[in-house]
Amino acid sequence: MKAIEIRNKYLKFFESKGHTIIPSAPLIPENDPSVLFTTAGMQPLVPYLLGEKHPAGTRLTDYQKCVRTNDIEEVGDNRHLTYFEMLGNWSLGDYFKEESIQMSFDFLTKELQIPVGKLYVTCFKGDNDCPRDEVAAECWKKAGILDGHIYYYGKEDNWWIAGEEGPCGPDTEMFYDTGKPACGPDCQPSCDCGKYVEIWNNVFMEYFKNKDGYSKLQQRNVDTGLGLERMTMLLEGKETPFDTELFSDVMNKLKDLQKVEILESRRIVAEHLRSSMMIISDGGKPSNIDRGYILRRLIRRMIRHLNKLQISLNEISNLIEINVEALKEMYPELEKNKETIKRVINEEKDKFVKTLSHGEKEFEKEIKKLSEQNIDIIPGTTVFKLYDTYGFPPEVTKELAEENNFKLDLKEFEKLFKEHQEKSRQGAEQKFKGGLAEQTEKTIAYHTATHLLHQALRIVLGSHIKQSGSNITEERLRFDFTHPQKMTKEEIQKVEDLVNEQIQRNLDVTCEEMNYEDAKKTGAIGLFTDKYGEKVKVYTIGDFSKEICGGPHVTNTKGMGTFKIKKEESSSSGIRRIKAVLQ
Ligand code: SER
């Protein structure tokens with residue numbers, strides 16, 4: 001079964017069970033630079049899992065584009081992917097374990113026609129925080145899971161939380177038995193020998209974890225996630241996702257073009273090309289920090305492996321074309337953004353080619369120095385510097401070293417590399433955590449202030465003003481908007497005064513749900529993307545502002561403090577950036 005058929009079956013099945021199909025949120029979380037990428041279907045839904053009302057109701061389903069970046073270096077084996085698609089269904093305080101499990105069972109056995117004997121499930125074993133999940137196990141038995149196919153594990157396997165803090169709970173996971181022989185007498189679903197493949201995870205989210213421990217959420221939710229690439233692989237009877245129709249066109253082309261046979265490199269190129277295309281299509285740009293850096297790494301790693309395969313870098317545009325053709329039915333945005341994708345990847349290629357030649361010069365300098373000191377081992381710090389600063393892969397350094405009769409201190413390099421990896425992993429987790437946890441009184445007030453600022457800018461500068469990004473922390477708000485020139489002092493003062501006037505008027509903030517079309521008719525401003533689905537929320541601040549937004553907001557502007565613009569600067573061409581505080 002093709003991936004798109006599985007996706008469509010999934011959405012239709014859950015629609016028939018009363019779920020509203022909502023669109024995938026972008027890979028790059030809007031207005032939330034604290035998170036690198038969307039990593040799970042639940043991520044854009046966090047406010048609703050915490051009790052905010054979702055305009056599309058209490059039963060939702062979607063496909064979500066996801067990128068997980070912790071394992072980039074693992075890509076190339078038979079299973080790791082950075083980009084993947086997650087199918088999900090949610091109950092926001094609606095159904096719970098029994099209905100969720102029954103629906104999953106029916107979808108797998110009836111819609112996908114997986115024989116029940118191939119299904120294994122795992123449930124939470126229980127500990128001091130939460131009891132053993134006998135309820136879930138009973139539901140599985142009732143649904144029809146075979147005796148002996150239910151296992152219990154602890155928090156390491158059967159508990160789901162994004163990061164360190166946030167909504168969480170015990171989960172139940174479904175596994176597919178590939179029919180491969182057991183690796184030993186202890187082989188069971190938790191074993192990663194490849195016999196059992198995890199296919200779906202249903203989280204029974206009824207807790208919230210913070211520094212002080214666990215507390216009960218005000219509503220019991222279900223959050224599920226099914227990895228589309230894996231399911232496609234299993235249903236197509238393939239060994240790896242790279243053998244499915246999702247990757248086969250590019251993989252075959254690479255095989256035609258390669259002058260050296262390296263399966264791992266072909267997989268890396270195919271995977272990183274697809275991930276980069278998806279990220280760029282959703283607005284990503286290569287840079288030296290955060291998500292831009294991840295994109296840069298993906299593109300550069302892809303180029304290194306094209307080099308290893310001895311494939312000309314001029315083929316990149318052609319490979320992009322092939323991927324667009326293969327994926328456009330699933331992701332029409334790839335076709336729409338094809339030229340941008342080509343431009344961004346090729347520009348990055350040109351930069352990297354230059355970097356590589358700088359790296360070579362640096363390498364030559366280093367070995368000259370070492371020769372003068374009669375040293376024939378290149379220290380790990382140099383290998384790391386070449387890698388980190390010049391994007392110079394250690395395997396290339398090694399090759400060059402050998403040509404020049406040098407050895408490498410790879411041990412030291414690996415130590416430095418691990419430290420570096422650990423730091424970026426912690427950074428990524430920290431960011432994810434931040435993105436979910438920060439919903440304090442202060443950030444909510446900043447959110448409302450952003451709406452006031454947006455409207456004030458439109459009044460003072462004109463209705464051409466459009467929001468092009470925003471970012472809120474406990475300390476300040478940042479707002480990017482379209483405007484061709486620097487604001488004058490007077491304009492800044494006027495905007496500030498206008499916002500403060502509104503705050504002092506103690507305006508009520510109200511929220512209404514309506515159809516997207518009706519919202520447009522009310523004159524509400526805001527991002528008219530289709531990311532909110534059919535129904536949207538419109539927040540109104542007194543008679544001053546009306547804006548489409550997911551919330552949350554203060555209920556009255558009273559007590560928000562005094563609004564002060566700290567900085568007005570250029571953000572990029574045609575885009576200005578304001579940083580402001582509430583004092
Ligand atoms: N949040 C869970 C996961 O990512 C289920 O969707 O696996």
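Computed from heavy atoms alone, side chains included, the values below leave out hydrogens, waters and symmetry copies. As the structure lists them, so they are numbered: ligands from 1, and atoms in each ligand from 1.
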- Item | Charged tip of R274 within 45° of Y83 ring normal and under 6.0 Å | no

For ligand 1, list all ligand N or O to protein N or O distances below 3.5 Å, rounded to 0.1 Å.
{"residue": "ligand 1", "atom": "1 (N)", "partner": "D223", "partner atom": "OD2", "Å": "2.7"}
{"residue": "ligand 1", "atom": "4 (O)", "partner": "R68", "partner atom": "NH2", "Å": "3.3"}
{"residue": "ligand 1", "atom": "6 (O)", "partner": "D223", "partner atom": "OD1", "Å": "2.9"}
{"residue": "ligand 1", "atom": "6 (O)", "partner": "T224", "partner atom": "O", "Å": "3.2"}
{"residue": "ligand 1", "atom": "6 (O)", "partner": "G225", "partner atom": "N", "Å": "3.1"}
{"residue": "ligand 1", "atom": "7 (O)", "partner": "W160", "partner atom": "NE1", "Å": "3.4"}
{"residue": "ligand 1", "atom": "7 (O)", "partner": "N201", "partner atom": "ND2", "Å": "3.1"}

- Give a yes/no verdict on a cation-pi contact between R300 and Y293, requiring under 6.0 Å between NZ or CZ and the six-membered ring centre and an angle within 45° of the axis. no

- Query: Within 45° of the axis and under 6.0 Å from the centre of the six-membered ring of Y446, does NZ or CZ of R476 qualify?
  - Reply: no

Please list every donor-acceptor pair under 3.5 Å in which a side-chain atom of residues 186-195 meets a protein atom from a residue at least two apart or in another chain.
{"residue": "Q188", "atom": "OE1", "partner": "Y153", "partner atom": "OH", "Å": "2.6"}
{"residue": "Q188", "atom": "NE2", "partner": "D186", "partner atom": "O", "Å": "3.4"}
{"residue": "S190", "atom": "OG", "partner": "Y153", "partner atom": "OH", "Å": "3.2"}
{"residue": "K195", "atom": "NZ", "partner": "D177", "partner atom": "OD1", "Å": "3.0"}
{"residue": "K195", "atom": "NZ", "partner": "D177", "partner atom": "OD2", "Å": "3.4"}
{"residue": "K195", "atom": "NZ", "partner": "K180", "partner atom": "O", "Å": "2.9"}

- Message: A side-chain contact here means heavy atoms from C-beta on lying under 4.5 Å apart; do L27 and M278 qualify?
- Response: yes

- Task: Using the side chain to side chain donor-acceptor pair (under 3.5 Å) rule, take N202 and S100 through it: C-alpha gap first, then chi angles, then the decisive distance, then the call.
- Result: CA-CA 8 Å; N202 292 9; S100 159; 3.1 Å; yes

